[in-house]
Structure formats: C-alpha cells, structure tokens
Amino acid sequence: MPVPSPPTLRQPRLVQGVRFARSQKRFFEKAAHLGDVFQVNFQRRRWNMVTHPDAIKEVFTASPEALHAGKGNDILATALGEHSVLILDEDEHMRQRKLLLPSFHGERLEAQAATIQRIAEREVERMPRDGSFAMRDHSQAIALEVILEIVLGTEATGTEHDVLSSQAKAMLDRMGRPFSLLLPGLLGPRHRLVKRMHRPVVDPFDESLFRLIAERRLAPDLEERNDILSMLLTARDEEGRPMTDREVRDELVTLIVAGHETTATALAWVFERLAHTEGSTEALHQAVADGDDEYVTTVVQETLRLRPVLDVVVRQVNRPVEIAGYSFQPEEMVVPCIHLVHRREDVYPDPLEFRPSRWKDTKPGTYTWIPFGGGVRRCIGASFAMAEMEIVMKAVARAGVLEPVGEDEREVQRFITSSPSRGGELRFAI
Ligand code: HEM
C-alpha cells in the first residue's frame, strides 16, 4: 500500500516562504535530512521534493497524463504564450515538441557551429586585456546573438536585426528583474495586471516578430534556409498541418528565453569555477592547444553538476500517481531537485569539489546528472547548449589564461537561474 505523503517540513508556510525566497538552495539543503522524498509547503501547492535517482527515474518515465510539466511552468505563460512547448501538456505538447526537434538535430548543429564560433571570437576580442570584467556580460552578449541569428536567421549587420535584438534584450531584462515572478506567482500569469506589466516590452517585440514571420513565409529560399524560423514555417505535423503564426511566435520567444539566460549563466559558472580551482584554467588552455576535446567536455559536465543553473524541474500531478511508494494527488507538485541530486555523496564522492576528472571515461547518468531535466520534457537545446559552451570556452582559451578576481562567488537567484554573484569576475593573466 502506498503511503499517503512523504515526511513534511513542519514550519509555518510563511516562514518556509521567507526562507525559500532568501535562498532556495539552503532551504532545500536544510530540509534534505527528511529523506529522499520530502515535502515543503511555501506556496499554494505543496512541493514534493524528489532527490533519489530511482525516484527521479519514476518521475521522468511517468505517463505525460499523470504528471504535467506544462502546468508546472505556467508562471512563464505571460511572455511565452499559450502555445509554448514549455507551457503545453500531453498531445498538444508532443505536437509542438515534434515540430521543434528536427531544428536541433545533430546535422544542423554542425552548420550552426560555424555561426557560434564567429560570434564567440568577435566577443572575445571585446573582452578587456588590461583589467577585470564580468564573464556574464560577455557570455550574455554571445548567447543572445547566437540565439537570435540561429533562431530568427536575421543578418547581424542589418537594422531589422538590431531592432529585434534590442527588443529581445528589453523583454529578457524585464523578465530578469528581481521579484519579476512575484506578481504572476500571486495573481497567476493571465491576470490583466500581470499582462499589463509585460505589455510595454512584449508588444513591440511581438509586432516585429509577426512582421518577420509574414516576410519569411514569402522568402523564395524558404526551403533551403537553415534558421529555425524557416524550418518551423516549412514543418508539418503528423496530420500534415503547418504551424500558425501565433504558434511560431510562441516557440520563437520560448527558444529565445529558454536558450539565452541559461547558456549565458552556465558559461559564467564555467569560468568562475575554472578560475577558482587551482591549475584549471591553465589545464583548459593546454587542452585547447593540444586539441583535447574530452577535457573541455568534462569541464562543462562538472560545471553543470556543481552549478546547475536551474535548481529544480517541476511537475504538477494531474491524476493520482505513485512515486517511491508515496501516493500523490492532483494539484500537488512533484519536484525533482537537480541541486540536491547533484550533491549526493553516494553518487558523487566529495560532491562539493569541482573535479572535471570525475567525468573522464564516464558518461553522465540519465537520472543522476539532470541539469537538462528528463523524460519527454528533457531540454530540446541540451546538445546545442553544450556545443555552444565548448566553442566559447575554446575561443576564450585561445585568447589567454584567465585569473580569478576576488573570492569564490556566491550563487544568487536571477529570474529562474542560479548565477555567480559578481557575474564571474575575471581578468586575463599578463
Ligand atoms: C546550459 C543551458 C541550458 C540549460 C541548463 C537548460 C535546462 C533546461 C531544463 C532544466 C529544462 C526543463 C526540463 C524538464 O522539465 O525536464 C529545459 C527545457 C527546455 N529547454 Fe533548455 N536549457 C538550456 C539551454 C537551452 C537552449 C540553448 C534551448 C534552445 C535553443 C533550450 C530550449 C528548451 C526548451 C524548448 C525546453 C522545453 C522542453 C519541453 O518542455 O518539451 N534550452 N531546459
């Protein structure tokens, strides 16, 4: 017989809410003694934290009708739109996901790599050689340019591209402001006040996107183009239906939002961790000079383990489901905790140590290394993001050896990501 609910953190909801807002990582860490699955209660819905790989496997392989990730991501609906692959569930989700997946196929990645390299090299030249800088400023510029060029296929030198770029930046800046999720969390993402708050940044961007979609539909070379927008316009679902303009708009914004801040933050952590770990930046420099791609990959894997960008992935229970011997009821949340799984001593010896060598000849486990989530909701851009990170790391390493500036950086919350407190402060060694 399944047990009704896992051990619960016994503290008033308000106290839990304040502790979560102060530092969600510390909050989860302090409650982890309750067990491999435990319950915290700081929102309208209870969160059942899942931290054991076997239980995470049960979550990621559960039927998409039982656990809804889209409902769990609903707070993002104001900007992403109702057709976003992140917001939808079940058949509708699968339709959008299947339409998007070919754009991220391996062969495409090869063509996209040259674009990433060009953008990375240009930005590396802009990094100061005679003083300190925050890596995140540069990784954000790279990630935004990469995602815009690859997703929208606009020319980096054109006016249209510059307008789209500044509109995207305005929207992302607004979403990244402290407490930007507070109002949608309290009122819901479809409340008119929340929509009004987003309108000044979302409306102008939407207008440009719809214009671009209309123009691109008429492009004579539409079928041959490599950008994701063109691919979405020619894509057909299993019944032969194309995507509507609204669907295309929602997926473009989703890719820009999902692919920008995440990759930029992960890159800032790569260099922050390397610089603060004795001998590591020199090792990267040497590996790149020797063409040792394995070392570069292990650094990415280890960074995403120890500093995973997102602490959790969220599923809302849609019909009663049993996980790890507990039964969960509709409306509750089931939450695989990336942060806690990645720090399990029984999986990763000395879990707090940044040690890329732990990945040498070792493939990351499907349910023990989950920076990109899992199951039918696993990040569509995972291979793309890893490739982008590696290309940027090589471009930086070719420019010189980076040194740390100041102490190890704290993890601070920015929008939904966990960022280095000073943005990855570094300087090139002279
Ligand atoms: C280091 C960079 C990135 C990290 C850490 C990351 C992480 C994640 C995570 C944790 C999820 C949720 C998975 C789940 O619920 O199980 C996700 C979903 C998603 N990501 Fe990423 N992501 C990154 C980069 C990207 C990029 C570059 C793109 C696209 C260009 C992208 C597009 C998406 C999309 C479309 C989804 C929704 C998938 C679905 O619901 O079916 N991500 N990502």
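Counting convention: from 1, in listed order, for ligands and their atoms alike.
Near Phe384, meaning under 4.0 Å from any of its heavy atoms, are these atoms of ligand 1: 27 (C). Of all atoms in ligand 1, numbered sequentially from 1 with element shown, those under 4.0 Å from a heavy atom of Arg97 are 38 (C), 39 (C), 41 (O). Counting atoms of ligand 1 from 1 in the listed order, those under 4.0 Å from a heavy atom of Leu86 are 37 (C).
With waters neither drawn nor counted, the protein N/O/S atoms under 2.8 Å from atom 21 (Fe) of ligand 1 amount to 1.
Protein heavy atom at the shortest distance from atom 30 (C) of ligand 1 is Ile147 CD1, 3.4 Å. Counting only heavy atoms of the protein, atom 9 (C) of ligand 1 lies nearest to Leu310 CD1, 3.8 Å. Among protein heavy atoms, the minimum distance from atom 12 (C) of ligand 1 is reached at Val313 CG1, 3.9 Å. For atom 35 (C) of ligand 1, the closest heavy atom belonging to the protein is Val85 CG1, 3.7 Å. If you check which protein heavy atom lies closest to atom 5 (C) of ligand 1, you get Pro371 O, 3.7 Å.
Distances from atom 14 (C) of ligand 1 to the heavy atoms of Arg377, Met389, Met386, Gln112 show the closest one on Arg377. Of the candidates Pro308, Ala266, Gly375, Ala266 brings a heavy atom nearest to atom 1 (C) of ligand 1.
Between Arg377 and Asp89, the closest side-chain pair of non-hydrogen atoms falls below 4.5 Å. Phe384 places a side-chain heavy atom less than 4.5 Å from the side chain of Ile150. Counting heavy atoms from C-beta outward, Trp47 and Val334 have side chains that stay 4.5 Å or more apart.
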Evaluate the criterion salt bridge (charged side-chain N to carboxylate O under 4.0 Å, His left out) for residue pair Asp350 and Arg358; output intermediate values, then yes/no.
CA-CA 10 Å; Asp350 304 321; Arg358 69 171 89 232; over 6 Å; no

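Proximity of a side-chain donor or acceptor of Arg174 to a complementary backbone N or O of Met197 within less than 3.5 Å is detected.
By the 3.5 Å distance cut-off applied to N or O atoms, His93 is counted among the residues near ligand 1. In terms of N/O distances under 3.5 Å, ligand 1 is approached by Gly374.
Side-chain contact check for Glu302 and Trp359: at least one donor-acceptor pair (N or O, by modelled atom type) lies under 3.5 Å.
Only side-chain heavy atoms of Arg315 come within less than 4.0 Å of ligand 1; its backbone N, CA, C and O stay farther off.
The aromatic ring centroids of Phe28 and His339 lie 6.0 Å or more from each other.
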